[in-house]
Amino acid sequence: MYDFKTFAQINLDLIFKGFDRMPQPGEEVFAGSFTMQLGGGPQVYPIVLGQLGLKVRLGTFLGESDTSAFCRKLLERQGFDELELFPSPSPNPEVVTSVFSWPHDRGFLSHNEGVNERCLDSDTVYRFLRDARVAFAPEGHPEVTRRLHEGGVKLVYDNGWSDTLSIDSFQDFLSYLDVYTPNDREAMKLAGTENLEEAVRFLARYTPHPVVTLGKGGTAWWEDGGVRYAPAVEEFTAVDTTGAGDNFLAGLIYGLLRDEPLSRCVRLGNIFAGCSTTAVGCFGARITPEIITKYF
């Protein structure tokens with residue numbers, strides 16, 4: 001039995017920081033710093049949790065390109081080898097993202113050929129995830145999500161932003177999730193409102209525990225028929241917010257694996273997220289048992 005399993009594309013981030021503006025056509029603008037790191041998404045959860053001693057497994061796709069070889073080296077630097085590789089229909093299955101990090105926000109330019117678990121048959125996806133205590137709900141396999149839920153696997157899910165984001169596209173499987181963690185912008189778009197509490201109440205009609213991340217504002221979630229709030233951990237000084245949302249969910253999963261009540265899972269999520277912002281990139285600041293004890 002594994003503590004946590006997920007499918008995920010390998011993400012490579014090229015992070016530019018310390019620049020005044022974006023270049024116009026024909027211009028060159030210099031950044032004060034640049035780094036290449038493993039990026040965000042579901043790959044964050046098993047890496048962070050594995051560093052805390054939990055038994056994890058990542059199902060993913062890598063090719064034979066120089067980019068894939070470099071991603072393998074970055075995984076090795078994180079001390080992570082709990083991989084199960086699946087056949088890729090593309091020689092470049094990884095996601096490469098240029099991250100433009102301003103003090104107030106970030107922008108992204110990405111290349112993604114869409115190689116994920118949607119490329120696999122449902123039985124393969126189910127067999128990989130079924131022996132996990134907690135799993136990230138697989139993309140494109142709502143029937144697998146139902147089977148995992150009925151088999152007692154706790155399921156979490158988060159989705160990225162899309163201009164076409166709609167509750168209609170995935171409402172069928174939301175009821176099988178134990179925790180769903182959109183950010184405030186995503187939650188309000190799904191609900192068709194600019195009011196946060198209305199958005200949380202709307203999502204609670206489809207999933208038992210929507211947990212909405214608010215950046216510096218902390219977290220709002222639905223529990224016992226009402227909207228609850230937890231502040232961000234103010235002791236952390238933010239340097240870069242890349243990967244804060246992914247680290248939040250890693251902390252929440254850590255709480256689920258400890259059988260903590262949801263309020264304390266949210267607190268752990270805020271600790272993981274806050275700590276991650278104190279260095280550049282998703283893995284710049286490592287979460288340790290000492291940090292958890294200090295702030296929890």
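Along the sequence shown, the residues carry numbers beginning at 1.
Annotation for Asp168: atom CG counts as buried by contact number, over 12 foreign heavy atoms lying within 6.0 Å. Counted within 6.0 Å of CD on Glu234, heavy atoms from surrounding residues, nucleotides or ligands total 12 or fewer; the atom is thus considered open.
At a threshold of 4.0 Å, the pair Asp178-Lys154 does not count as salt-bridged, since none of the basic side-chain nitrogens sits closer than that to a carboxylate oxygen. The pair Lys55-Asp131 does not count as a salt bridge, with every side-chain nitrogen at least 4.0 angstrom from each carboxylate oxygen. Using a cutoff of 4.0 Å between basic side-chain nitrogens and carboxylate oxygens, Arg146 and Glu150 are scored as salt-bridged. In this structure, Arg147 pairs ionically with Asp123, as a charged nitrogen and a carboxylate oxygen lie closer than 4.0 Å.
Taking the centre and axis of the six-membered ring of Tyr2, the NZ or CZ atom of Lys5 falls inside the cone set by 45° and 6.0 Å. A cation-pi contact links Arg185 to Trp161, judged by a cut-off of 6.0 Å to the six-membered ring centre and 45° from its axis.
In terms of hydrophobic clustering, with Ile, Leu, Val, Met, Phe, Trp and Tyr side chains grouped at heavy-atom distances under 4.5 Å, Leu62 and Val56 are assigned to a common cluster.
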List the steps, then state whether ring pair (Phe, Tyr, Trp, His ring centres under 6.0 Å) holds for Phe7 with Phe86. CA-CA 10 Å; Phe7 283 94; Phe86 292 86; 5.3 Å; yes

Show every donor-acceptor pair shorter than 3.5 Å between a side-chain atom in residues 196-204 and any protein atom, with sequence neighbours excluded, or say none if there are none.
residue : atom : partner : partner atom : Å
Glu197  : OE2  : Tyr229  : OH           : 2.9
Glu198  : OE1  : Thr193  : OG1          : 2.7

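Take Glu223 and apply the salt bridge (Lys or Arg N to Asp or Glu O under 4.0 Å) test, not counting sequence neighbours, and it matches no residue.
When side chains are defined from C-beta on, Thr67 counts as touching Val96, because their heavy atoms get closer than 4.5 Å.
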